[in-house]
Asker: 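Before anything else, here's the structure in question.
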Amino acid sequence: MPDSASLDRSSPRPAAPAPPERTGRRSWHRRASRPVSVWMVLLVLVVLIHPWLPQSRWLIVHMVTLGLVTTSILVWGQHFTEALLKTRLGPESRPQQVLRIRVLTAGFVVTIAGMLPGWPWLVVVGALTISVALVWYAMSLGSQLRASLAPRFAFTVKTYQGAALLLPVGAVLGAVMAFSPGEPWQGRLLLAHQIVNVLGFVGLTITGTLLTLWPTVLRTRLVPTQAARASRGLLGMGIAVLVGLVAALAGSALLGGAAMLGYLLSFTWVVVVLVRLAVQSARQERRVPLALFPVLSIGAGLLWAAVSQVGLVVMWWGSADAQLGASLLAVDVQRLTAPFVAGFVLQVLLGAMSHLLPVTMGGGPRATGAGLTELSRGAIWRVVTYNLALAVFVLTTLGGTGADALLATLLLGTVEPAAIGSITRVAVTLLAFVVLLCFPVLMGRAVRANIRERRAAAQARKASDEGSGTAEPLPAPTSRPQSPAAEETPSAVDRRALTGTLLGLGSVLGVTALGATLDRPTGGAPATGTAPAVGVTPTGNTTTLAVSMANMRFTPDVLEVPAGDELVIQLRNDDPVDVHDLVLATGATSGRLDPGQEATIEAGVISHDVEGWCSIVGHRAMGMTLQVTALGAAGSAGTQGGEASAHGHGGDMTSGNPLARVPLDLQAEPGADHTVRDARLPEAVGMEQRVRLEITEADLEIAPGVSMQAMTFGGTVVGPILRSEVGARFNVELVNNGSMGHSLDMHAGTVSPDEVMRTIPPGESLEYPITTDHAGIWLYHCSTMPMTVHLAAGMLGALIVPPTGLAAADREYVLVQSDHYLVPEADGSAHAVSPEKIAAERPDATVFNGHANQYVHAPLQATVGERVRLWVLAAGPSRGISFHVVGGVFDTVFKEGEYTLRPDNENAGGSQALDLAPAQGGFVELVFTEPGTYTAVNHAFADMERGARALIEVSA
């Protein structure tokens, strides 16, 4: 590729015949770029099926950044390095470069294989493999830089090196996150991971590349003084990334805001040079017009980069007036994923490839021009449609008065922003996806056009040779060959540009209008919190109201606002321990607030009554709702004097029947990700014991193919089985690494609940010491309100204290029964806990040790003649148990601290069932006299058919 600083790009020169080595270089490009094509196809497939994939958002983002972008960086970084340093490597180095890309691809595949099922050690292996590929790449660039003679663009190659060495840092941060270290580190690591990988590796590499690629695309000249001036901006961006990394890990809002502002200013310094090059190119007269798509796509990408960086500065700086919650900021930053990845990275990548692919295919000016023309087909329509659709998606996601005003302007007032809902967002996303699909189609057409022009040129030479009877080459043309685009007159280009712009605008307006129509409720008056009331015009006034959150209540919980006023809610979490938020039915939300934190919600113009609620699971069911009443609006509760509709809902409503049963396939095997719980009683550990219980949250399987959004002690539905001895000291260190307040109630201890059973917020811990003075199987559980939700989400377990002098049994197993209630519609791959079903006592699953049929496919074991002791606990939250073993008779029953049956009883009595109310426990013993498969069940058969069943295989 020619040096962009040394050529006047006003018009292309005829290409010299490619030497044999150049053909080998093109072959290397094809082999090295194959993973890019594969990732592109896989990305399309994943986007189509993402609702059924776990971690789909993570997968899509990383397929773009690691699959498409990072692979492209390794391919084209090598290409530009050779072109800029004028040190083209020999054919013997190409296999190593291809191998390096294969190592990168293997590392990403391994990372996916570890991330989707949640295997952190496999994620570590993948991260290390990716790091090896990038360090290898950086070392290779360094050796080429040292071998070059007085390189004029050494700063670009050094930028590639520095950026490549940042990715291993980001990979290590991502690998650590796979182990779920808990807050505040989980949020800090996520934020640092995003800064280093996205702004560092991707941002620096792309910006450095554009300094030399942009003038090449524009066919203009980058003078050395411009290049030297722009290189200072690249240095500033790199320093800002390192400072931002430190700020994220330290949780410093001020330092992080300053770092991101420095990054933005440094990026702007570079962009100023790029804009001047664009102006310089526009003033040049040229016979062959520029290919439009690379110019427009790259230019739009730069605009999205600037917008994303401004948003990041505002977000980070906005947290400076309060203690930084790194996890909340990291989640907020994820809202910038669409503008930065889809707006900046993807558009610059596609724009660059639209220019580079025809150039690397070669074949002379006509073949290259034909490829450029194909890849620029419909360029204006594609760029306008994609960017407008992306803007609609981003603005509807952000919400707020400013975003709504800008959205209304973009849509020319054809659709009210309040009428846009999830259907509209899906529709504009699909429209943008259709535009992206045009690229691989046009890429195939460009390849065919290039081959067609080559064949035509070869046939022309052959015909000329045959006609003249000589084999001499054709004389050089007197005029420069033109691409098909050269035939267009300026007026034709202007008409085509106007047509493309109008088609793009019309496409987005049409799809948005259709989506908004489908988003509206059917029939009758507008539903609360959805469509605006008719006839209400904005007054221009602003009503600002302060709202406090504490004790599962908003205060005040009814906000009266004159219809047409703009509402601003100043929200504060005054709860001493619980995390809360406020979600309005219009889509405006505060985000989760820790105790003492504040937020301002711009709810927009109030034209109708609007519901609000806390979205933390179970809080809405406990009455944590709020009503915004539009005074003077038709149909308003304030006008009619009726009760606010928000108070008529008992919990988190879903579409359809909220009590609909989630079907369970109890004949299927547990999922591959599920590990069967060891049901054996733990060994005794002495009279002094210290246990660490870590609270986490995860999507966990409770039946084959059915997962729940679980809250856990120790990472499992039903916490670890604990054991102590009569009179022993037992101390629990409770660590809350969840996203909300939690607590612990140990039924085995006699202790004042004020201190040890208090709810602790995320990131805190407490000591819970007890003396286990009484024998039994004791329940422990979370006691934070609403307790039913926390228990049904998995926060319960058993502590076993065997009676003094208990005889040894040949085998001892523990079965803890719990009942679970699921929202019918799964959010992603896991069902939320349903407060409605809990209140109606309609469980979907009643299970042993956290899974419906794990002991059906992995039965408990025993041998004929052995004494088997079965410890049983009805953990609830609401269901008891009538425990029975089909084909067996219990000769020993111990219930709630006392024997009710012993083997030597004078009546030769036996027991068929151990009846336990919720929170009660005991054990039974029996001896199997014949081999076979026995079934332990809850003889309340409705619960047995929901999963309370285990097999016992007895061998001879």
Side-chain angles (χ1 to χ4, degrees), residues 47 278 282 289-308 311 338-344 346-348 350-351 354 373 375-439 441-442 485 488 490-520 532 587:
V47 169
L290 298 175
L292 278 179
F293 184 76
V295 176
L296 296 178
S297 187
I298 293 174
L302 290 172
L303 182 60
W304 278 109
V307 169
S308 303
F340 198 91
V341 175
F344 170 50
L346 201 53
Q347 285 201 101
V348 171
L350 296 182
S354 296
T373 300
L375 283 166
S376 283
R377 285 189 181 275
I380 297 176
W381 172 81
R382 289 158 60 196
V383 173
V384 170
T385 302
Y386 182 79
N387 285 277
L388 273 179
L390 182 59
V392 170
F393 177 84
V394 170
L395 291 173
T396 55
T397 303
L398 292 176
T401 304
D404 286 347
L406 183 55
L407 181 59
T409 302
L410 288 177
L411 298 179
L412 304 180
T414 57
V415 177
E416 186 72 25
I420 294 177
S422 59
I423 297 178
T424 307
R425 284 191 288 270
V426 171
V428 296
T429 302
L430 290 176
L431 178 61
F433 183 61
V434 169
V435 174
L436 292 178
L437 284 179
C438 293
F439 181 79
V441 174
L442 294 176
E488 297 177 355
S491 60
V493 174
D494 292 342
R495 286 196 300 271
R496 181 164 294 183
L498 178 61
T499 302
T501 302
L502 293 177
L503 284 176
L505 180 61
S507 300
V508 176
L509 293 180
V511 168
T512 305
L514 176 62
T517 301
L518 296 176
D519 275 319
R520 293 193 186 101

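Note that this is a predicted model, so its numbers are computed, not measured.
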Asker: Is there a side chain to side chain contact (heavy atoms under 4.5 Å, CB included) between Leu350 and Leu436? Walk through the geometry before answering.
Answerer: CA-CA 9 Å; Leu350 296 182; Leu436 292 178; 3.7 Å; yes
Asker: Please report the shortest heavy-atom distance between Ala342 and Leu390, naming the atom on each side.
Answerer: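 Closest heavy-atom pair between Ala342 and Leu390: C-CD2, 4.0 Å.
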Asker: Once side-chain hydrogen bond (donor to acceptor under 3.5 Å, both in side chains) is applied, do any residues pair with Thr429, and if so which ones, sequence neighbours excluded?
Answerer: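 Once residues adjacent in sequence are excluded, Thr429 has no partner under the side-chain hydrogen bond (donor to acceptor under 3.5 Å, both in side chains) criterion.
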Asker: Sequence neighbours left out, what passes ring-ring contact (aromatic ring centres under 6.0 Å, His included) with Tyr386? Give chain and number order.
Answerer: none
Asker: Within the distance-only criterion (no hydrogens, no angle test), does the side chain of Arg382 pair as donor or acceptor with the backbone N or O of Arg377 below 3.5 angstrom?
Answerer: yes
Asker: Might you point out which heavy atoms bring Leu410 and Ala391 nearest each other, and give the distance in Å?
Answerer: CD1-CB, 3.8 Å
Asker: Kindly compute the distance separating CG (Leu514) from CG (Leu509), expressed to the nearest 0.5 Å.
Answerer: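 Nearest 0.5 Å value for the CG-CG distance: 12.5 Å.
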Asker: Show the nearest heavy-atom pair for residues Leu292 and Ala379, with the distance to one decimal.
Answerer: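 For Leu292 versus Ala379, the nearest heavy atoms are CB-CB, 3.9 Å.
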Asker: For residues Leu388 and Gly504, report the shortest heavy-atom separation together with the two atoms involved.
Answerer: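 Residues Leu388 and Gly504, closest heavy atoms: CD1-O, 4.5 Å.
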Asker: Taking the side chain as C-beta and beyond, is there a heavy-atom pair between Ser354 and Ser376 under 4.5 Å?
Answerer: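 Contact flag for Ser354/Ser376 side chains = no.
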Asker: Can a donor-acceptor pair be found, under 3.5 Å and without considering hydrogens, that links the side chain of Thr385 to the backbone of Trp381?
Answerer: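 Between the backbone of Trp381 and the side chain of Thr385 there is a qualifying donor-acceptor contact (under 3.5 Å).
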Asker: Please report the shortest heavy-atom distance between Val511 and Val428, naming the atom on each side.
Answerer: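 Residues Val511 and Val428, closest heavy atoms: CG1-N, 3.9 Å.
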Asker: Val307 and Val394: side chain to side chain contact (heavy atoms under 4.5 Å, CB included), yes or no, with the steps?
Answerer: CA-CA 11 Å; Val307 169; Val394 170; over 6 Å; no
Asker: On a heavy-atom basis, which atom in Trp304 and which in Asn387 lie closest, and how many Å separate them?
Answerer: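 In terms of heavy atoms, the two residues are closest at NE1-OD1, 2.6 Å.
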Asker: Does Val392 reach the side chain of Leu407, with side-chain heavy atoms less than 4.5 Å apart?
Answerer: yes
Asker: Hey, what do you get for CD1 (Ile298) to CZ (Phe344), rounding to the nearest 0.5 Å?
Answerer: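 That separation rounds to 10.0 Å.
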